[in-house]
Amino acid sequence: MGRPKIEPVVWRAPRTGPKPKPSLPALTVRQVTGKGAEDVLVDDHGHVFTGVEDGRVLRLTADGRRLDTIADTGGRPLGLELFPDGRLLVCDADKGLLLIDKTHGEIEVLIPAGPGLRVCNNAAVAGDGTVYFTDSSSRFDLEFWKADLLEHSGTGRLLRRSPDGAVETLLTGLHFANGVALAPDESYVVVAQTGEYCLNRLWLTGDRAGKSDVLVDNLPGFPDNISTGSDGLVWIALASPRNPVLDVLLRTPPKVRQALWRIPEPLQPKEKKVVWVRAVDGVTGRTVHDCFGKVPNYHMVTGVREHDGTVYLGSLNESAIALFDLP
């Protein structure tokens with residue numbers, strides 16, 4: 001299958017700040033049997049769940065000694081969440097929004113992938129089973145996520161599935177809609193826009209219910225999955241620092257990016273090999289933790305989960321999950 005055509009939109013990215021200083025605590029890397037452990041989820045027993053590119057959903061014991069396959073979606077599992085009834089909610093880019101029984105591996109399709117859900121990416125679940133989830137792009141499949149960033153047409157959405165099965169669109173025009181996080185009191189939901197380097201917040205209760213604003217703008221990297229930690233902070237996986245070349249290209253006439261898109265994949269710009277996660281206050285957007293560094297055996301963090309003071313990482317490129325303890 002050839003690469004799809006792009007119809008670029010001109011956008012002027014804001015200037016980035018100074019380069020970050022190394023601040024990453026010592027990292028432990030635990031291998032898994034499959035490439036692309038894109039997201040991470042930790043349950044009350046300390047078990048770590050992740051999905052890999054061949055369709056399997058894996059469970060790693062807290063001590064890292066045992067790895068089990070709990071299901072095979074036959075697709076590409078991305079975001080993982082715990083559902084109130086104990087099952088796993090899985091955002092599968094190929095299959096849609098799924099529920100998986102952790103014991104028997106049975107799969108229930110809540111919303112199938114298709115024209116109305118092209119790239120089911122990440123989710124957050126309320127206590128009553130309401131699911132907030134993203135459809136990253138209506139233009140491109142997951143395989144061509146770089147096309148969405150280059151085109152910058154903003155066709156991503158934030159959606160909500162109610163416990164009765166009704167689905168509604170909450171936000172449109174998002175630039176590669178990605179991670180989703182819910183406030184501890186469920187008063188707002190936050191969504192990451194990878195293509196605009198920002199987090200948007202939609203208020204769900206109170207005087208501001210139904211209104212949206214920007215929680216964090218001009219991030220220094222590409223935000224991917226996000227999550228609410230046990231500390232109440234919004235944790236952000238920054239897959240790579242921003243690329244100055246891309247920021248310049250986004251200002252250029254469409255034909256320039258169309259020409260770049262035709263260049264063979266090996267010659268196109270690549271992500272920088274760093275590990276970077278950040279935690280912000282969900283109300284003020286203030287940065288509380290900023291953990292950045294380079295390690296020889298891990299990079300491109302696309303999933304992050306803080307659990308009782310330990311931060312777990314997933315990566316679209318690695319056959320491993322990683323973790324570190326907060327100072």
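Atoms considered below: every heavy atom in the structure, side chains included; atoms not considered: hydrogens, waters and symmetry mates.
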Is it true that [Y] and [X] share a donor-acceptor pair across their side chains at a distance under 3.5 Å?
| X | Y | value |
| --- | --- | --- |
| Thr194 | Asn178 | yes |
| Asp185 | Ser187 | yes |
| Thr310 | Asp325 | yes |
| Asp290 | Trp276 | yes |

Any salt bridge linking [X] with [Y]? Criterion: basic side-chain nitrogen under 4.0 Å from a carboxylate oxygen.
| X | Y | value |
| --- | --- | --- |
| Arg87 | Glu108 | yes |
| Asp92 | Arg76 | no |
| Lys35 | Glu53 | no |
| Arg305 | Asp39 | yes |
| Glu151 | Arg139 | yes |
| Asp148 | Lys146 | no |

Taking the inter-plane angle between the rings of His47 and Phe49 on a 0 to 90° scale, is it parallel (under 30°), tilted (30 to 60°) or perpendicular (over 60°)?
perpendicular
Please state whether the rings of His175 and His152 are parallel, tilted or perpendicular, taking 30° and 60° as the class boundaries.
parallel
When Ile, Leu, Val, Met, Phe, Trp and Tyr are grouped by side-chain heavy atoms lying under 4.5 Å apart, directly or through other members, which residues fall in the same group as Leu117?
Phe83, Leu89, Leu97, Leu99, Leu110, Ile111, Val125, Val131, Phe133, Leu159, Val167
In terms of hydrophobic clustering (I, L, V, M, F, W, Y; side-chain heavy atoms under 4.5 Å; direct or indirect links), are [X] and [Y] co-clustered?
| X | Y | result |
| --- | --- | --- |
| Val32 | Leu323 | yes |
| Ile6 | Val9 | no |
| Val42 | Leu88 | no |
| Leu82 | Ile100 | yes |
| Leu174 | Leu202 | yes |

Working for side chain to side chain donor-acceptor pair (under 3.5 Å), residues Asn121 and Ser136
CA-CA 6 Å; Asn121 195 318; Ser136 292; 2.9 Å; yes
For [X], enumerate each residue passing the ring pair (Phe, Tyr, Trp, His ring centres under 6.0 Å) test, keeping only those at least two apart in sequence or located in another chain.
| X | answer |
| --- | --- |
| Tyr188 | Trp203 |
| Phe324 | none |
| Phe140 | none |
| His104 | none |

Below 4.5 Å, heavy atoms only, C-beta onward: do [X] and [Y] meet side chain to side chain?
| X | Y | answer |
| --- | --- | --- |
| Leu158 | Val189 | yes |
| Ile226 | Leu199 | yes |
| Pro223 | Cys198 | no |
| Arg157 | Thr134 | no |
| Thr130 | Pro163 | yes |

Atom [atom1] of [X] and atom [atom2] of [Y]: how far apart are they, to the nearest 0.5 Å?
| X | Y | atom1 | atom2 | answer |
| --- | --- | --- | --- | --- |
| Leu58 | Leu60 | CG | CG | 8.5 Å |
| Ser315 | Glu38 | OG | CD | 9.0 Å |
| His45 | Thr61 | NE2 | OG1 | 13.0 Å |
| Leu98 | Cys120 | CG | SG | 7.5 Å |

Hey, mind stepping through Arg118 and Asp141 against salt bridge (charged side-chain N to carboxylate O under 4.0 Å, His left out) and telling me if it holds?
CA-CA 7 Å; Arg118 185 155 190 169; Asp141 296 334; 2.8 Å; yes
Looking at [X] and [Y], what are the two nearest heavy atoms and their distance?
| X | Y | answer |
| --- | --- | --- |
| Asp281 | Val288 | N-CG2, 4.1 Å |
| Ala192 | Asp224 | CB-O, 3.7 Å |
| Ser23 | Cys291 | OG-CA, 3.6 Å |
| Ala320 | Tyr298 | O-OH, 3.3 Å |
| Lys272 | Ser240 | N-OG, 3.0 Å |
| Gly285 | Val216 | O-CG2, 3.9 Å |

I would like to know whether Arg66 and Asp68 meet salt bridge (charged side-chain N to carboxylate O under 4.0 Å, His left out); could you show each step before the answer?
CA-CA 7 Å; Arg66 176 170 175 171; Asp68 295 305; 2.9 Å; yes
side-chain contact (heavy atoms from CB on, under 4.5 Å) assessment of Tyr312 paired with His307
CA-CA 8 Å; Tyr312 297 81; His307 180 77; 4.0 Å; yes
If we ignore hydrogens and angles and just use 3.5 Å, is the side chain of [X] paired with the main-chain N or O of [Y] as donor and acceptor?
| X | Y | value |
| --- | --- | --- |
| Arg12 | Leu250 | no |
| Thr73 | Gly75 | yes |
| Glu318 | His299 | yes |
| Asn122 | Val180 | yes |
| Arg201 | Val283 | yes |
| Asp94 | Ala113 | no |
| Tyr197 | Thr16 | no |
| Thr50 | Val40 | no |
| Asp135 | Val119 | yes |
| Arg242 | Phe222 | no |

Do Glu306 and Ser230 pass the side chain to side chain donor-acceptor pair (under 3.5 Å) test, and can you show the C-alpha distance, the side-chain angles, and the key distance before you say yes or no?
CA-CA 6 Å; Glu306 184 275 331; Ser230 57; 2.7 Å; yes
Within 45° cone of Trp261 ring axis and under 6.0 Å: Arg3 NZ or CZ:
yes
Decide if atom CG of Asp44 counts as having more than 12 heavy atoms of other residues, nucleotides or ligands within a radius under 6.0 Å.
no
Across all chains, not counting sequence neighbours, the salt bridge (Lys or Arg N to Asp or Glu O under 4.0 Å) partners of Asp72 are none
Stepwise side chain to side chain donor-acceptor pair (under 3.5 Å) test for Asn317 and Glu271
CA-CA 10 Å; Asn317 275 6; Glu271 74 279 357; 2.8 Å; yes
